[in-house]
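The chains referred to below are lettered A, B, ... by the order of the sequence lines, with proteins before strands, and numbering in each begins at 1.
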Amino acid sequence: MALKDITLGQFFPGNSPLHRMDPRTKLIGIVLYIVALFLAKSVLTYGILFALLATLIAISRVPLKSILRGMKPVVFILIFTAILNLLYTPGETVLLKWWILTVTLEGVRTAIFMVVRIMMLITATFLLTYTTSPILLTDGIENLLGPLKRIRVPVHELAMMMSIALRFIPTLIEETDKIMSAQRARGADFESGSLLRRAKALVPLLVPLFISAFRRADELAVAMECRCYHGGEGRTRLRRLTYRALDRVTIAAALFLCAGIFVLGRFGL
Amino acid sequence: MQPIIETKQLTHIYSEGTPFQRAALNAVDFTAYRGEYLGIIGHTGSGKSTLIQHLNGLLKPTSGQVLYEGQDIWSDPKLTRQTRFNVGLVFQYPEYQLFEETVYKDIAFGPGNMGLAADEIDARVRRAAAFVGLKEDLLDKSPFELSGGQKRRVAIAGVIAMEPKVLILDEPTAGLDPVGVESVLSNIRDYHLAHNATIILVSHSMEEVARSVDRLVVVNDGSIPFQGTPAQVFRHGQELEDMGLGVPQMTRVFNRLRAMGANIDGSVYTVEQARAAILRAKGVG
Ligand SMILES: Nc1ncnc2c1ncn2[C@@H]1O[C@H](COP(=O)(O)OP(=O)(O)OP(=O)(O)O)[C@@H](O)[C@H]1O
Ligand SMILES: [Mg+2]
């Protein structure tokens, strides 16, 4: 039951401008956004990036609830980052001193910035996967990495593997759910007991899961060969990627944003 | 008749709060009586599997109640777990859940989880294997070496070995050859008679359920439009056809005859009943 709550990077069908944008634009945009996030040092620049993200979420029409739900698995990392930064940032203004622990004003500042940065980073990448179907996403990656083919990087094969993996995540989750239910019906208990017991309890789940994954892989390989798949050479595409006006403007704006944040940083903002 | 499992206004919504949200059950009131052989039929995607997974507490209702012997199974976690032992559920294509090194160990998984003594487990495993017609020498084999039909039997034995009071089977004959279908159905009937157990058989083959069950529940689009004895249910010939279910061949022939104006009983579903009905209509016997 808990498995279905994993929305990590699940595509959210829709028809917003963000959905219709070329996947390459979104990929380039995300990379530039992350660069900008790391260049940002002040409340002002963070504010700009935050406002931008909020606007994009509004445009995408992805419910805020789903984005927050996606944040759940990283809550632990966020807390951990916050505590580490809080305690181990050296600084002048000591706010609190207790035993060997000191909290400085700089520490509080860094902790807040770090947590906000990670949250914005995750939200931005979620926005990418929420608005881009896995197929388009891998097409985009393959296309962007295309030049690497010259130095013999098997870009097409890597992209194909990635799209197959992405395609089968929901299937595997469903399968896991089904096998879990079947073993629960025979009294298996996945939730209680010591760590060792719980690890052991996974055997009845993992064995059938692996067997079916291998069977599926086998069937898929046969099915692909039956349809004459033999790698990327000479392969044509159903969906051609094309940059449109919106894409060009977006990439230009993202470059401008990066440069702007960099310049503001130079001026100590 | 005494109810053993009941659902009250049971509603289940999958993936609530996402664009994939889907109501699979809508305020379903369902009852299974003690010791009966009940059939559940419905079209693909009608909600049969969803319904039965509530009956042993594998799925939690979005709203509504599931009662086992009058008690809400979700009122206490212990009760939920106990219900899983009292209500055995054989899944659709159960052969994919096998995992142990040997057939014997796999069948023993359920009874082992119940915390039974070793000799009791041993007795149950052998009894269950015999029930489904698995020979002794198969018990030491790996379940992955068996044929599809044999794997199916091992999986069914794995649930029967827990000796549940209610045995639910989700399309246990799907994908078996006619001989396999017959023998699995007769194994189920044997279990029903030997333990006086309640059986719930899910199927979308009318012919198959018509022959086996005492009572039929029709599921369509997440609710139960009608239920009753097979004869009662098959009177709704046209509605069943509209749901994409169809009725047994004989019933179809007789409904057609009635539509043509013949004064004949429309609720037959086996050849024997058809013969009797025709003789009656002719005024013979
Ligand atoms: N895990 C799930 N997540 C989301 N939706 C589901 C899930 N399982 C079932 N559904 C949906 O609920 C509805 C009822 O499904 P269910 O499996 O109960 O049908 P069924 O009557 O057993 O069909 P079949 O005869 O094909 O086994 C279907 O529309 C299905 O798409
Ligand atoms: Mg089903």
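Sparse packing is recorded around NZ of A:K178, with 12 or fewer heavy atoms of other residues, nucleotides or ligands lying under 6.0 Å away. Annotation: A:R20, atom CZ; neighbour count of heavy atoms from other residues, nucleotides and ligands within 6.0 Å is above 12. The 12-atom threshold is exceeded at CG of A:L68, counting heavy atoms of other residues, nucleotides or ligands nearer than 6.0 Å. B:E101 CD: 12 or fewer foreign heavy atoms inside a 6.0 Å radius. Heavy-atom contacts from other residues, nucleotides or ligands closer than 6.0 Å to CD of B:E120 number more than 12. Within 6.0 Å of the OH atom in B:Y93, the count of heavy atoms belonging to other residues, nucleotides or ligands does not exceed 12.
Residue B:F144 comes nearest to A:V207 through the heavy atom pair CZ-CG1, 4.1 Å, listed as atom of the first residue, atom of the second, then distance. Closest approach of B:F109 to A:A188, counting heavy atoms only: CZ-CB, 3.8 Å. Nearest heavy-atom pair across B:L98 and A:P208 is O-CG, 3.6 Å.
Interface remark: B:M162 contributes side-chain atoms only to the contact with chain A (heavy atom separation under 4.5 Å). For A:S212, no part lies under 4.5 angstrom from a heavy atom of chain B. A:P13 touches chain B through its side chain: at least one heavy atom from C-beta onward sits under 4.5 Å away, while N, CA, C and O do not. No part of A:L206 comes within reach of chain B, as not one of its non-hydrogen atoms sits under 4.5 angstrom from that chain.
Cation-pi contact between A:R186 and B:F85: absent, since separation from the ring centre below 6.0 Å together with deviation from the ring axis within 45° is not met.
Between B:F99 atom CZ and A:L209 atom CG the span is 13.5 Å, to the nearest 0.5 Å.
Without hydrogens or angle criteria, B:Q97 side chain to A:Q183 main chain gives no donor-acceptor distance under 3.5 Å.
Judged as a ring-ring contact (aromatic ring centres under 6.0 Å, His included), not a single pair has a partner in residues 161-215 of chain A (not counting sequence neighbours).
Comparing B:L89, B:D106, B:V87 by how many heavy-atom pairs each has under 4.5 Å with chain A, the most go to B:D106.
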Output side-chain donor-acceptor pairs under 3.5 Å for residues 121-128 of chain A, partner residues at least two apart or in another chain, one line each.
{"unit_1": "A:T123", "atom_1": "OG1", "unit_2": "A:M119", "atom_2": "O", "d": "2.6"}
{"unit_1": "A:T125", "atom_1": "OG1", "unit_2": "A:L121", "atom_2": "O", "d": "2.9"}
{"unit_1": "A:T125", "atom_1": "OG1", "unit_2": "A:I122", "atom_2": "O", "d": "2.9"}

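Results of the side-chain contact (heavy atoms from CB on, under 4.5 Å) test with A:R184 over B:R81, B:R84, B:Q53 single out B:R84 as the only residue that passes.
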